[in-house]
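For reference, the structure discussed in these notes is given below.
All values derive from a computational prediction rather than experimental measurement. By convention in this document, chain letters (A, B, ...) are assigned in the order of the sequence lines, proteins followed by strands, and residues within each chain are numbered from 1.
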There are 2 protein chains.
Amino acid sequence: MSSSTATATPRPIDSLPAGLPIARQTLHDQVVTRLRDMVTEGRLAPGQRVNEVALCTGLGVSRTPLREALKTLAGEGLLELVPARGAIVRSFTDKDVADCMMVLKALEQLAGRLLCQVASDAAITGILALHAEMQARYVVRDRLPYFKLNQAIHSSIVAAADNAPLARAHEALQAQMKRIRFIGHEGPEKWAAAMDEHEEMAVALAQRDGEALAEVIGRHHDRGLARIRDVI
Amino acid sequence: MSSSTATATPRPIDSLPAGLPIARQTLHDQVVTRLRDMVTEGRLAPGQRVNEVALCTGLGVSRTPLREALKTLAGEGLLELVPARGAIVRSFTDKDVADCMMVLKALEQLAGRLLCQVASDAAITGILALHAEMQARYVVRDRLPYFKLNQAIHSSIVAAADNAPLARAHEALQAQMKRIRFIGHEGPEKWAAAMDEHEEMAVALAQRDGEALAEVIGRHHDRGLARIRDVI
DNA sequence: TGCGGTTATTCTGCATACAGAGCACAGAAT
DNA sequence: ATTCTGTGCTCTGTATGCAGAATAACCGCA
C-alpha cells in the first residue's frame, strides 16, 4: 500500500506522486465544522441553550466528541460555557458587533499591507479573479454567490499575507460575524457602494499599493459597519 | 437558605451585602489554567507529545476533563492536535514569532488609540501606577516582578480599550509569546531601551495622545522583536 | 551487524455509566 | 390568591471501559 503516511519522517520518499497527505478527520473535527455551520446558519439561535443529548442523537455521535467540540467552539467565541448549565449560543450586542468589526478592520489592514509586500503575483491574480467573478455576480444581482465570493476575497487577502496567527484570529472573528453580515447586505445603493469599494481594493491590489489598500479596506469596514448598523 | 441564586431574575434582592457571585470553576477550567501555566513555564517542552494518562494521574483528574482542556488550549494555539497521536506542545519557528509579534503590535496599537478615546481617568491612572511600579523594579533590577508588571501594563492597555474581542485575541497571542518573551529580556542596554520606550508610552498615555501612543507601541514591538531575535 | 517484517504494548478516540447540580412542578402556608 | 418550599425529573460534569491505531520491541535474515 506504499505506506506513504510517513509515521515519523523516515525517508519521506520525496517527490513521489503522493499528493497531499490524506486529511483524516476525527469525529471531533467533523462535529466542530457541523456545529459551526449550524450556528452561522442560524439553526442554533443566539441565546439558546444547547442540549447535548438532543444534538448527540441528531448528529449520531456520543456525548464525548460533542462536548469536546463545544469546548473548541467556545474557544472560537461562538459559544459560551456556563458551569452546570452547559453551552449557550453567543448573542451579540451592537457593541460586540462594532468591536468585532473594529478588530477585523485592523487585521485586514495589516493583511493588506503585508500581502502587497510578500504575496506572489499568482496569489494577487487569484484574488483579482475572485473579484471579477464577484462583480459578474453583482451585475446579475446573484446575492448568495456574491456573498460567498465576498467572504472568499477577504479570506484570500488574509491568506495571501502569509501570517498564520493573523489568519487564525481573522477566521475566528469572521465566523462570529458571518451570520450578522449575511443579514446586513440589503438595499441596492448600499450594495453598490460596497461593490465600489471592492473595485477600489482591486485597483490598489493590482498596483501592490499597500497603503492605499489598507485605506480602502478601512473605509470598507467603516461603511460596512454603518451598513449593518441600521439593519440591527 | 435565602435562595438568592436568582433563577430567572426574580427580584435579585438588590443591595444586600452578598458580594460578588461565587466564581464556581469546573475541573475543566482548572485544568486549562494549570496546563497553560505548565506550557508557559516550560514544564511541557515545545514539540513534546502530551501523554494523557500521565498528566491525568499527575493532576489527579480523569481523562475526560483533561481531554476537554486540551481541546481548549489547542484553540488558543498553545497545543496542536494530531489525529490518533494526541496533543503536541506547539513549537514556534522564527517566522511564527515574528508573525505573532506583528499581530500583537497591530492589536495593541488599536488598543492604544481606543483607550485614549474611551478610557476613564481612573483606568489611565491605574496604568500609570503600574508603570511607576515597574520603573521602581527596574532601578533595582528586579527582573521577575519587572516582567510581570510589563505584561500587566500591556494587558491593562488592552483591557482599558474596552473591546472584548480585541482583548481575547490579544490574550491568546500573548500567551503564545509569553515563554519566548521571558527568555529574551537579556542585556542591560536592551533592557534600558525597553524601559525608555515604556517611559514614552507613559507620557503619551498621560496626555491621551492616541497617535503618539500607537507610534511608540509600534516602535516598542519592532524593537522588542529585534531584542528577542538574536536570543533565538 | 544492519534491515525488514511481525508481534506486543501503549495510547488515543469514542462510548457509556454514574453522581450531583439545576429546573419545574406541585402542594402547603400565609 | 400568592409566595415559599419540597420533591422529582432532566441535564451536565466526571469517571471508566473498550476498540483500533500508532509505536515499540523482537526476531529472522541477508
Looking at B/T26 and D/dT12, is any side-chain donor or acceptor paired with a base atom of the opposite kind under 3.5 Å?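 Under the 3.5 Å cut-off, the side chain and the base do not form any donor-acceptor pair.
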Between the base of C/dG22 and the side chain of A/R49, is there any donor-acceptor pair under 3.5 Å? no
Whether over 12 other heavy atoms sit under 6.0 Å from B/E171 CD: no
For atom NZ of A/K148, decide whether the heavy atoms of other residues, nucleotides or ligands shown that lie under 6.0 angstrom number more than 12. no
Rounded to whole Å, please give me the gap between [atom1] in [X] and [atom2] in [N].
| X | N | atom1 | atom2 | answer |
| --- | --- | --- | --- | --- |
| B/E80 | C/dT12 | CD | C1' | 17 Å |
| A/E68 | D/dG13 | CD | C1' | 13 Å |
| B/R67 | D/dG13 | CZ | P | 17 Å |
| B/L66 | C/dG13 | CG | C1' | 13 Å |
| B/L70 | D/dT14 | CG | P | 14 Å |
| B/L59 | D/dT14 | CG | C1' | 15 Å |
| B/Q25 | D/dG13 | CD | P | 14 Å |
| B/L55 | C/dT12 | CG | P | 10 Å |

Of the nucleotides [options], which has the atom closest to the [X] side chain?
| X | options | result |
| --- | --- | --- |
| B/N51 | C/dC11, C/dT16, C/dG22 | C/dC11 |
| A/T64 | D/dT14, C/dA21, C/dT16 | C/dT16 |
| B/R24 | C/dC18, C/dA21, C/dT12 | C/dA21 |
| A/R85 | D/dG13, C/dT12, C/dG22 | C/dG22 |
| B/S62 | D/dA22, D/dC11, D/dA15 | D/dA15 |

Check this for me: does any side-chain nitrogen of one of A/E80 and A/R90 sit under 4.0 Å from a carboxylate oxygen of the other? no
Can a donor-acceptor pair be found, under 3.5 Å and without considering hydrogens, that links the side chain of B/N150 to the backbone of B/F147?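 Such a contact is absent between B/N150 side chain and B/F147 backbone.
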Between A/Q48 and A/A45, is there a donor-acceptor pair closer than 3.5 Å when you use the side chain of the first and the backbone of the second? yes
Which residue lies more 5' along DNA chain C, comparing A/P83 with A/G60 via nearest heavy atoms: A/G60
Which part of the nucleic acid, if any, lies within reach of A/V50 when heavy atoms closer than 4.0 Å are counted: base, sugar-phosphate only, or nothing?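 Sugar-phosphate only.
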Heavy atoms under 4.0 Å, any strand shown: does B/V31 hit a base, just sugar-phosphate, or nothing?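 If one applies the 4.0 Å heavy-atom cut-off, B/V31 turns out to touch nothing in the nucleic acid.
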Any side-chain N or O of B/R63 below 4.0 angstrom from OP1/OP2 of D/dA15?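 Indeed not, no polar side-chain atom of B/R63 lies that close.
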